[in-house]
Asker: 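Submitted below is the structure of interest, expressed as structure tokens.
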Amino acid sequence: MTDDESGWALALGPGGPVGTAWLIGLAAGLREAGADLASAALTVGTSAGAIAGAAIAAGRDLAALEELPPRDGPPAPADGSVMARVFEVGAAPGLEPDEARRRIGRLALDAAALPAERHRASMRYLVGTDTWPDARLLITGVDAVSGEPVLWDGSSGVPLSLAVAASSAAPGFAEPVPIGGRRYMDGAFAGWSDAELAKGAGPLVAVEPMPHMRGGGTGLRIVPDARALEAFGPNLGDRSRWTPVYREGVRQAPEAAERITAALAARR
């Protein structure tokens with residue numbers, strides 16, 4: 001990453017399908033307000049943020065994503081109890097991060113969940129392309145067997161929708177995604193901070209659907225307000241909430257645009 005203080009970095013965090021809807025709605029509203037997130041010199045996407053970040057950086061028509069198309073095929077298996085066990089592993093005292101990721105990976109590999117190819121097809125629709133954008137985009141993931149964190153970018157040789165599918169493959173909701181003979185799961189478990197990944201890329205704007213899960217961080221943070229969180233509901237995997245949550249993101253965009261514009265102007 002180059003030290004380019006004339007640019008700025010965008011970090012988009014995890015939040016399941018509901019958080020994805022909010023991120024994309026917010027980005028659509030910001031684009032309309034003249035604060036297009038695609039102008040970031042570096043975008044870092046994790047899980048839901050990988051989906052939104054890829055769609056933004058690739059120039060996807062975000063307004064076209066206000067509603068989701070009907071899902072093809074039978075309902076996918078999903079086991080919400082897996083994520084509860086994942087959080088138990090994450091909270092275990094004294095457990096080394098690599099071992100925690102390996103244990104989470106075993107839970108992900110053993111769970112009945114949306115087949116990886118169906119998950120990738122959904123990601124291909126949301127992102128709109130398999131071609132990486134010219135702008136710098138980093139997508140986080142985790143090797144489900146070794147527990148090793150991984151970063152994909154345009155030089156990795158991995159199709160964009162495949163990297164996004166891996167980054168958003170939450171245990172119990174989507175199978176770990178095969179890439180190059182390995183299987184990868186949700187980048188939310190990688191353990192990197194936004195500041196670490198965006199080091200040297202200028203001012204940082206972090207957009208977090210789940211601020212309570214990610215801590216304070218540095219730079220400007222944009223988070224859902226109380227009304228948006230009410231629209232999220234208790235289940236971040238509830239696709240039926242996509243459109244109302246997308247619209248909450250659009251609603252928050254004008255205020256977010258003012259904050260982003262002011263923060264970036266102050267650093268010039």
Side-chain angles (χ1 to χ4, degrees), residues 1 7 9-17 19-28 30-31 36-65 68-69 71-72 114-144 148-170 173-190 192 194 197-198 201 205-207 209 242 246:
M1 298 171 206
L10 172 68
L12 303 169
T20 305
W22 179 79
L23 285 169
I24 293 175
L26 181 74
L30 287 169
R31 188 175 284 175
D36 192 352
L37 296 181
S39 66
L42 168 68
T43 298
V44 178
T46 295
S47 196
I51 304 169
I56 293 163
R60 180 73 159 96
D61 179 2
L62 302 178
L65 299 177
L68 291 178
R71 231 178 191 169
D72 294 331
L114 180 69
E117 191 48 48
R118 283 181 63 187
H119 179 52
R120 182 187 176 186
S122 296
M123 298 305 101
R124 190 183 289 115
Y125 169 78
L126 291 173
V127 174
T129 181
D130 268 334
T131 302
W132 287 78
D134 292 334
R136 182 89 164 120
L137 172 65
L138 299 178
I139 301 294
T140 67
V142 174
D143 187 309
E148 181 181 1
V150 63
L151 281 174
W152 293 287
D153 64 12
S155 68
S156 64
V158 176
L160 182 57
S161 71
L162 192 58
V164 169
S167 183
S168 58
F173 292 93
E175 294 175 348
V177 173
I179 300 176
R182 310 292 297 180
R183 297 185 71 187
Y184 295 91
M185 64 177 182
D186 201 311
F189 305 111
W192 286 303
D194 294 336
L197 292 175
V205 175
V207 188
W242 180 280
Y246 173 102

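By convention here, the first residue in the shown sequence is residue 1.
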Asker: Can you tell me how far apart CH2 (Trp192) and CG (Leu138) are? Round to the nearest 0.5 Å.
Answerer: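 So the gap between those two atoms works out to 9.0 Å.
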Asker: Does a side-chain heavy-atom distance below 4.5 Å link Leu137 with Trp132?
Answerer: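 Yes, at least one pair of side-chain atoms sits under 4.5 Å.
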Asker: Measure the spacing between CD1 of Ile24 and CG of Leu37 and express it to the nearest 0.5 Å.
Answerer: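 Output value for this atom pair is 11.5 Å.
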Asker: Check whether any side-chain heavy atom of Leu114 sits under 4.5 Å from a side-chain heavy atom of Glu175, and report yes or no.
Answerer: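 The answer is no; the side chains never approach within 4.5 Å.
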Asker: Applying side chain to side chain contact (heavy atoms under 4.5 Å, CB included), name anything that partners Val158, two or more places apart in sequence or on another chain.
Answerer: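 Only Trp152, Ser156, Leu162, Ala163, Ile179 meet the side chain to side chain contact (heavy atoms under 4.5 Å, CB included) criterion with Val158.
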Asker: What residue pairs, at least two apart or across chains, pass salt bridge (charged side-chain N to carboxylate O under 4.0 Å, His left out) with a residue in residues 150-159?
Answerer: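 The answer is Arg136-Asp153.
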Asker: For Ser167, which residues count as a side chain to side chain contact (heavy atoms under 4.5 Å, CB included) partner, sequence neighbours excluded?
Answerer: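 For Ser167, the residues satisfying side chain to side chain contact (heavy atoms under 4.5 Å, CB included) (neighbours in sequence not counted) are Ala50, Ile139, Thr140.
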Asker: Among residues at least two apart in sequence or on other chains, which ones pass side-chain hydrogen bond (donor to acceptor under 3.5 Å, both in side chains) with Ser47?
Answerer: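 Partners of Ser47 under the side-chain hydrogen bond (donor to acceptor under 3.5 Å, both in side chains) test: Asp186.
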Asker: Determine the minimum heavy-atom distance between Ala190 and Gly141, stating which atoms define it.
Answerer: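 Heavy atoms of Ala190 and Gly141 come nearest at CB-O, 4.0 Å.
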Asker: For Ala9, give me all partners under side chain to side chain contact (heavy atoms under 4.5 Å, CB included), at least two apart in sequence or on another chain.
Answerer: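 Per chain and number, Ala9 pairs via side chain to side chain contact (heavy atoms under 4.5 Å, CB included) with Leu42, Ala198, Ala201, Leu204.
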Asker: Might you point out which heavy atoms bring Ala116 and Pro178 nearest each other, and give the distance in Å?
Answerer: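 Answer, listing the atom of Ala116 first, then Pro178: CB-CD, 3.9 Å.
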Asker: If you look only at distance, which donor and acceptor atoms sit under 3.5 Å apart when one is on a side chain in residues 51-60 and the other is two or more places apart or in another chain?
Answerer:
from	atom 1	to	atom 2	distance (Å)
Arg60	NE	Tyr125	O	3.3
Arg60	NE	Leu126	O	3.2
Arg60	NH2	Tyr125	O	2.8

Asker: To the closest 0.5 Å, what do you measure between OH (Tyr246) and OG1 (Thr20)?
Answerer: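 Reported value, rounded in 0.5 Å steps: 13.5 Å.
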Asker: What distance do Arg120 atom CZ and Ser161 atom OG have between them, rounded to the nearest 0.5 Å?
Answerer: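 So the gap between those two atoms works out to 3.5 Å.
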Asker: Identify the two heavy atoms, one from His119 and one from Ala165, that lie closest to each other, and give their separation to 0.1 Å.
Answerer: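 Looking at all heavy atoms of both residues, the closest pair is NE2-O, 3.1 Å.
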Asker: Given Asp194 and Thr46, is the side-chain contact (heavy atoms from CB on, under 4.5 Å) satisfied, shown in steps?
Answerer: CA-CA 10 Å; Asp194 294 336; Thr46 295; 5.6 Å; no
Asker: Where do Gly15 and Pro209 come nearest, in terms of heavy atoms and distance?
Answerer: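 Heavy atoms of Gly15 and Pro209 come nearest at CA-CB, 4.2 Å.
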Asker: Nearest 0.5 angstrom please: Arg182 CZ to Glu148 CD, how far?
Answerer: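 Arg182 atom CZ to Glu148 atom CD measures 8.5 Å (nearest 0.5 Å).
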Asker: With sequence neighbours left out, what residues match Asp61 under side chain to side chain contact (heavy atoms under 4.5 Å, CB included)?
Answerer: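 Testing Asp61 for side chain to side chain contact (heavy atoms under 4.5 Å, CB included), a comparison that skips the adjacent residues, returns Ala63, Ala64.
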Asker: Verify side-chain contact (heavy atoms from CB on, under 4.5 Å) between Tyr184 and Val150, making sure each step is shown before the conclusion.
Answerer: CA-CA 9 Å; Tyr184 295 91; Val150 63; 3.9 Å; yes
Asker: Sequence neighbours left out, what passes salt bridge (Lys or Arg N to Asp or Glu O under 4.0 Å) with Arg124? Give chain and number order.
Answerer: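 Asp130.
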